[in-house]
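Some notes on the structure that comes next.
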Amino acid sequence: MSAAAGTVFLVDDDPGVLRALTRLLRASGRDVRAFASQQEFLGQHDPAAPGCLVLDVAMPERNGLDLQQDLADSGAERAVVFITGQGDVATSVRAMKAGAVDFLIKPFSDKQLLAAVQAAIDRDALMRRTRAQRREVERKLATLTLRERQVIEHVVAGQLNKHIAADLGTVEKTIKVHRGRIMQKMGAASLVELIRMADLAGIRPAPGAPGD
Amino acid sequence: MSQSTRTGSSAVLSAPWRLAIMRKLAGVRPEAWRQALWVAAAYYLGAKVGFAFTFQPHPISTLWLPNSLLLAALLLAPLSSWWLLLAAALPAHLLAELQSGVPLTMVLGWFASNSAEALIGAVCIRRFCAAPLRFNSFRDVGVFLLFGAFLAPLLSSFLDAALVTAIGWGQGAYWQLVRLRFLSNMLAALIVVPFIMTWAEGGFAALRSASPRRAAEAVLLFLCLLAVVFAIFDRHQAGSTAFHALLNAPLPFLLWAAVRFGPRGTSTAVVLLVALAVWGATQGDGPFVGSSVEENARSVQFFLIAMVVPVLLLAAALEERRKDVIAQQRAEIEAKEQRQQLTHLTRVALLGQLSGALAHELNQPLTAILSNAQAAQHFLAADKIDPDELREILADIVAEDQRAGEVIRRLRALFKKGETQFQLLDPNDMVREALDLAHGDMVTRNIEISTDLSPRLPAVTADRVQMQQVLLNLLINASEAMSANTPDERRLLVSTQALASGGVQVSVADRGLGIPEERQARLFEPFFTTKPQGLGLGLSISRAIVTAHGGRLWCTNNPFRGATFHVALPQQPGGPV
């Protein structure tokens with residue numbers, strides 16, 4: 001059905017709804033795992049498995065929004081489609097702000113659900129790719145020396161070599177050598193690629209350096 | 001206006017009084033003419049009857065009706081047509097009296113005293129009774145007796161006797177004439193005025209609308225009365241003294257009329273009694289056999305006045321009491337209707353509060369139905385038809401549809417406006433139903449509900465819908481009291497227990513802030529609310545409902561935190577709590 005495959009993790013405390021949605025998703029070719037409560041889901045959750053979460057907002061023990069928050073906090077973030085029997089604006093705004101893919105009001109059609117699930121699985125795949133890339137960059141960054149780490153922060157800030165040398169109290173030629181080694185260790189083909197990697201890894205420009 | 005008056009007044013100068021009368025007559029309404037004709041006819045007939053009861057040598061009739069007929073007519077007519085009624089009585093008077101060979105001066109004198117009697121009575125009664133006389137209150141009858149039946153005959157009798165002695169018609173000393181005329185006119189007033197006044201206003205409509213049973217009772221009453229009165233007053237008693245004991249025999253029938261048929265029936269019975277009794281006396285029959293016909297009539301007059309006055313008063317007092325009771329019943333019915341409307345209104349408001357949650361309750365089964373059906377469509381489209389799977393899907397759809405139907409049914413019961421219907425209810429079922437209805441709301445508010453329902457409870461007699469209203473109200477209040485709590489402190493405990501008295505107590509405990517002592521009493525007052533959107537009617541209506549069930553609704557603060565509301569219900573609405 002689509003390029004990105006993944007499991008749909010379904011959590012709803014209403015057994016009738018849970019059964020029906022499971023059937024619908026299976027009928028449309030989705031791999032579904034159904035859970036009647038958040039505890040049950042958390043107990044069996046494998047963050048590594050690709051796929052999205054379809055989550056009922058109103059559940060007796062805990063709100064669906066809280067689960068979304070917990071997953072994000074524990075680094076097991078997953079694209080979420082919220083479903084609710086009672087759509088109030090405040091809750092939907094909060095859910096969307098926290099990164100929900102969609103917020104479906106019951107009863108919804110198969111098209112709405114399947115489109116939202118598709119979008120969520122795509123989002124999940126993208127998140128996974130990004131996470132993998134970030135981990136790769138972080139791994140490479142870890143191979144840099146302290147000095148090289150200082151240099152890269154100045155490079156990201158857009159400084160010329162001679163200014164970097166002046167800031168770090170050395171000569172331009174040394175900086176040139178550092179830059180060459182950085183490009184090699186990071187596997188960057190161009191300055192633009194290096195800057196993108198640094199951005200992905202969350203490296204901030206050196207303080208005091210002029211921006212841009 | 002001034003213009004027309006001036007041209008009119010210049011024309012009047014030629015024949016002033018004649019034109020004044022003409023204009024006056026032209027302004028008389030057709031209705032007043034009709035009344036005048038009635039008065040003339042009645043006066044003439046009354047006078048004829050009066051002459052039939054007159055025994056020479058005394059010129060005073062033993063039952064002189066015309067004066068009282070005139071008084072009744074004046075009381076019924078508007079003040080503006082009094083002159084016409086008096087004018088209409090004059091030719092009738094002349095006709096009747098001149099036929100009987102009375103001299104003209106005496107005839108005119110009597111007309112003066114007769115009119116004076118009617119006028120004195122009518123003016124005084126009008127002065128002291130704002131509404132037309134109906135003889136349905138003690139005051140009505142009191143005013144009539146004092147002015148119409150006592151003062152007017154008395155004062156006019158002085159005039160009458162003076163005229164008779166001055167003209168020298170018939171025999172009799174002044175004071176004797178006063179006494180004779182006073183008594184007979186008083187008796188006439190007592191029978192004629194109540195009879196006419198009570199029948200003139202709606203009497204015939206009441207007659208038409210009477211049920212067959214009531215009509216039969218009335219006929220029986222009057223036949224009995226007729227028989228008794230005839231037996232006592234209209235048969236020759238030949239001086240039997242033992243017979244005097246039977247004089248009061250008509251009284252039970254008069255009381256019957258007073259109790260069952262009100263002032264109208266009583267006045268009618270009185271007419272019958274008096275007419276037959278006086279007639280019998282004048283024929284020399286009945287218990288009052290004296291030296292002359294005249295004397296017989298006077299004795300029976302005394303006796304009848306003494307009997308009629310208390311009966312008329314009794315009928316009025318009973319009628320007054322009956323009206324009070326009816327007014328009180330009507331007020332009670334109105335209050336009950338208002339209470340019911342208010343109960344319904346607050347219930348609708350309560351459901352409005354729950355509407356979001358109720359939408360949730362309906363959306364769940366609808367979602368399941370839709371998704372099941374669409375899953376089946378997908379299976380069919382993909383040609384992956386598994387009959388077992390399809391069977392399950394259909395079974396689920398049926399079950400979910402029934403679930404939605406149940407929500408609607410419960411809702412409809414709550415929205416319905418109806419009379420209180422007591423039925424035997426299991427208190428735990430009552431609690432469970434209320435919890436089902438509130439479920440969506442509780443979930444949305446993150447309230448965790450626990451129950452402690454006593455397994456063996458007696459059934460209570462109560463109105464199911466109203467009890468749900470009370471419990472829902474308590475549940476919503478409790479959950480609102482905890483809205484400021486952290487989610488894991490939003491806990492609600494609903495418990496039931498049997499009471500030693502045989503009743504049942506339901507308690508709803510929250511973990512809110514509790515209720516300060518000084519507010520606990522005010523909490524149940526109408527329009528007292530602590531919520532910004534609250535009407536302040538929920539608890540007052542709830543208490544009214546519980547009280548109507550013979551139970552109690554009160555609140556206590558919990559030792560740890562929050563408040564508990566208790567509903568104690570007797571097994572039977574009238575039983576002990």
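Order of the sequence lines fixes the chain letters, A, B, ..., with proteins taken first and strands second; residue numbering starts at 1 for each chain. On a predicted model such as this, the values are computed, not experimentally measured, just so you know.
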Contact listing (chain B partner; residues 17-24 of chain A; heavy atom under 4.5 Å): A:V17, A:R19, A:A20, A:L21, A:R23, A:L24

Over 12 non-hydrogen atoms of neighbours within 6.0 angstrom of CD in A:Q44: yes

Contact check, side chains of B:R403 and A:D14, non-hydrogen atoms, under 4.5 Å: yes

Closest heavy-atom pair and its distance - A:D12, B:Q364: OD1-NE2, 4.1 Å

Leading residue by heavy atom contact count with chain A [cutoff under 4.5 Å; candidates B:S371, B:P487, B:A368]: B:S371

Structural part of B:E400 lying under 4.5 Å from a heavy atom of chain A: side chain

Could you list the donor-acceptor pairs under 3.5 angstrom formed between side-chain atoms of residues 376-383 of chain B and any protein atom two or more places apart in sequence or on another chain?
unit_1, atom_1, unit_2, atom_2, d
B:H378, NE2, A:D110, OD2, 2.9

Closest heavy-atom pair and its distance - B:L370, A:F108: CD2-O, 3.1 Å

List, one per line, each side-chain donor-acceptor pair under 3.5 Å for residues 189-203 of chain A, sequence neighbours excluded.
unit_1, atom_1, unit_2, atom_2, d
A:S190, OG, A:E193, N, 3.2
A:E193, OE1, A:A189, N, 3.1

Considering all heavy atoms, the nearest B:A375-A:A27 contact: O-CB, 3.6 Å

Contacting region of B:L366 [heavy-atom separation from chain A under 4.5 Å]: both

A:R181, CZ atom: more than 12 neighbouring heavy atoms under 6.0 Å: no

Any residue of residues 392-399 of chain B which, by heavy atoms, sits under 4.5 Å from chain A: B:E392, B:I393, B:D396

